[in-house]
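Structure first, commentary second.
Here is the naming used below: chain letters follow the sequence lines, and residue numbers restart at 1 for every chain. Atom set for the values below is all heavy atoms of this structure, side chains included, hydrogens, waters and symmetry mates excluded.
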Protein chains: 2
Amino acid sequence: MAVARRPGADHCGIAAAMSVIDGKWKVSLLWELEQRPRRFGELRRLVPGVSEKVLAAQLRELETDGIVHREVYDEVPPRVEYSLTPLGQDLNAALEPLGEWGTKHLLPDSAQGAGPVGCIPASAKAVSHCP
Amino acid sequence: MAVARRPGADHCGIAAAMSVIDGKWKVSLLWELEQRPRRFGELRRLVPGVSEKVLAAQLRELETDGIVHREVYDEVPPRVEYSLTPLGQDLNAALEPLGEWGTKHLLPDSAQGAGPVGCIPASAKAVSHCP
DNA sequence: GTGGGTGGTTACCCCAAGGTGAGCGAGCAG
DNA sequence: CTGCTCGCTCACCTTGGGGTAACCACCCAC
């Protein structure tokens, strides 16, 4: 976590939530996983800039927090799929207003007529990652 | 900011918003300022654990981001009051679902019948800080 | 045998966020 | 004269999250 144990995470909802999404890439991962289940290498490609070590670490944190589910398929090229749990979907929903606020008030000016509100323009072809 | 320039903060609403509330104490400050305007020393007392240096720094960041307003009264014991701008109030509103999610899914179990949803039990007497 | 792709782990280093403590300039209480 | 309050600022120092790179074991295609 970027912020060492957020103060009062044990009795304040916002602080607790913040401590869960704390980590440079967590919201990006949440965003990618919201689309559909993803594989490790897929996430690495979709979220440019993340290192394998940190990707593995943050996925593991999200898993122990009950946000993502990790499914290992015992095939011959090993395969692992990460997906959002119901809890994770709730979290993403709870993050939506924040994203709305950000796009409305902070973003320079772009894609103002586009999709729902998140990040990806609804017309996205190959590009799919939010940040 | 705890996380060095969140990836894609320039074209993703959530990342942009996260970069604004990034900082160990920002959400606590937001919470305290939502109640009413506060003075510097007041905030220091309300948010236990924060150092003066960091308090000043994060308030300044919030100010340059247009989240809080800083009013200096040129009196003889110097007085400075911080308050939320409309933008800051919007931000706080956008954070509410996140707080709801946190209290519902993360908090051990406490004050479940209490106030609105944020942090403070509606019956708060002297205690008033959220985290 | 060489390269690529699979999903990781390990060791090591860096830097910025945050903590610590001191000081300041004016005024008032004792 | 000393100390206390208020709202900071300035030097340090520490901490740990994140980056870098090497390595592993297994298999397939060339």
Side-chain angles (χ1 to χ4, degrees), chain A residues 1-9 15 18-29 32-33 37-65 68-83 131, chain B residues 1-9 15 18-29 32-33 37-65 68-83 131:
Chain A
M1 296 173 184
V3 170
R5 204 221 182 160
R6 221 158 251 275
M18 289 298 295
S19 75
V20 163
I21 56 176
D22 214 341
K24 193 170 176 179
W25 309 97
K26 294 246 184 96
V27 297
S28 308
L29 295 177
E32 295 302 342
L33 292 175
R38 302 283 197 184
R39 306 183 51 178
F40 185 89
E42 209 177 350
L43 288 171
R44 196 181 11 155
R45 262 172 278 119
L46 287 170
V47 182
V50 67
S51 64
E52 298 183 352
K53 168 196 158 191
V54 175
L55 178 54
Q58 307 217 343
L59 282 170
R60 196 127 328 177
E61 283 185 26
L62 289 173
E63 191 197 352
T64 65
D65 283 334
V68 310
H69 173 68
R70 184 169 182 267
E71 184 90 32
V72 183
Y73 299 86
D74 202 11
E75 304 172 350
V76 65
R79 191 157 69 97
V80 182
E81 270 194 357
Y82 296 90
S83 55
Chain B
M1 296 171 183
V3 171
R5 205 226 186 151
R6 221 157 251 276
M18 289 298 295
S19 75
V20 162
I21 55 176
D22 214 342
K24 194 169 173 179
W25 310 97
K26 295 247 184 93
V27 296
S28 308
L29 295 177
E32 295 302 341
L33 292 175
R38 302 283 196 183
R39 306 183 50 179
F40 185 89
E42 209 176 349
L43 287 170
R44 196 180 13 149
R45 263 172 278 119
L46 287 169
V47 182
V50 68
S51 64
E52 297 185 352
K53 169 197 158 190
V54 175
L55 178 54
Q58 307 216 344
L59 282 170
R60 196 129 326 176
E61 283 185 26
L62 289 173
E63 191 197 354
T64 66
D65 283 334
V68 310
H69 172 68
R70 183 169 182 266
E71 184 90 33
V72 183
Y73 300 87
D74 202 11
E75 305 172 351
V76 66
R79 191 158 68 98
V80 183
E81 270 194 358
Y82 297 90
S83 54

- Is the backbone of B/Gln58 close enough, under 3.5 Å, to the side chain of B/Lys26 for a donor and an acceptor to pair up by distance?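 No; judged by distance alone, with no hydrogens or angles, the pair does not exist.
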For a quick test of reading the model: is some side-chain N or O of [X] closer than 4.0 Å to OP1 or OP2 of [N]?
X	N	result
A/Gln58	D/dG17	no
A/Arg39	C/dG7	yes
B/Arg79	D/dC6	no

When the distance from [atom1] of [X] to [atom2] of [N] is rounded to whole Å, what number comes out?
X	N	atom1	atom2	value
B/Asp74	D/dC6	CG	C1'	13 Å
A/Glu52	C/dA11	CD	P	17 Å
A/Glu75	D/dC28	CD	P	13 Å

- Which atom of B/Trp25 lies closest to which atom of B/Pro48, heavy atoms considered: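 Minimum heavy-atom separation between B/Trp25 and B/Pro48: CZ3-O, 3.8 Å.
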- Have a look at B/Arg45 and say if it touches a base, only the backbone sugar-phosphate, or nothing, with a 4.0 Å heavy-atom cut-off.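 B/Arg45: no heavy atom of the nucleic acid under 4.0 Å.
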- Task: Looking at every strand, decide which applies to B/Tyr82 at a 4.0 Å heavy-atom threshold: base, sugar-phosphate, or nothing.
- Result: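 B/Tyr82: backbone/sugar contact only, no base atoms under 4.0 Å.
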- Task: Among C/dG8, D/dC8, D/dG18, find the nucleotide with the atom closest to the side chain of A/Val54.
- Result: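 Side chain of A/Val54 sits closest to D/dG18.
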- Message: I want to confirm an ordering. Mapping B/Pro77 and A/Phe40 to their closest nucleotides on DNA chain C, which one lands closer to the 5' end?
- Response: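 Upstream on the strand: A/Phe40.
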Taking N or O atoms only and anything under 3.5 Å, show me the protein contacts with nucleotides 10-14 of chain D, one pair per line.
none

- Message: Less than 6.0 angstrom from the centroid, inside 45 degrees of the normal: does B/Arg38 satisfy that with respect to the ring of B/Tyr82?
- Response: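 Not flagged: B/Arg38 not positioned over aromatic ring of B/Tyr82.
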- Spatial distance of atom CG (B/Leu43) from atom CG (B/Leu59) [nearest 0.5 Å]: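 CG of B/Leu59 is found 6.0 Å from CG of B/Leu43.
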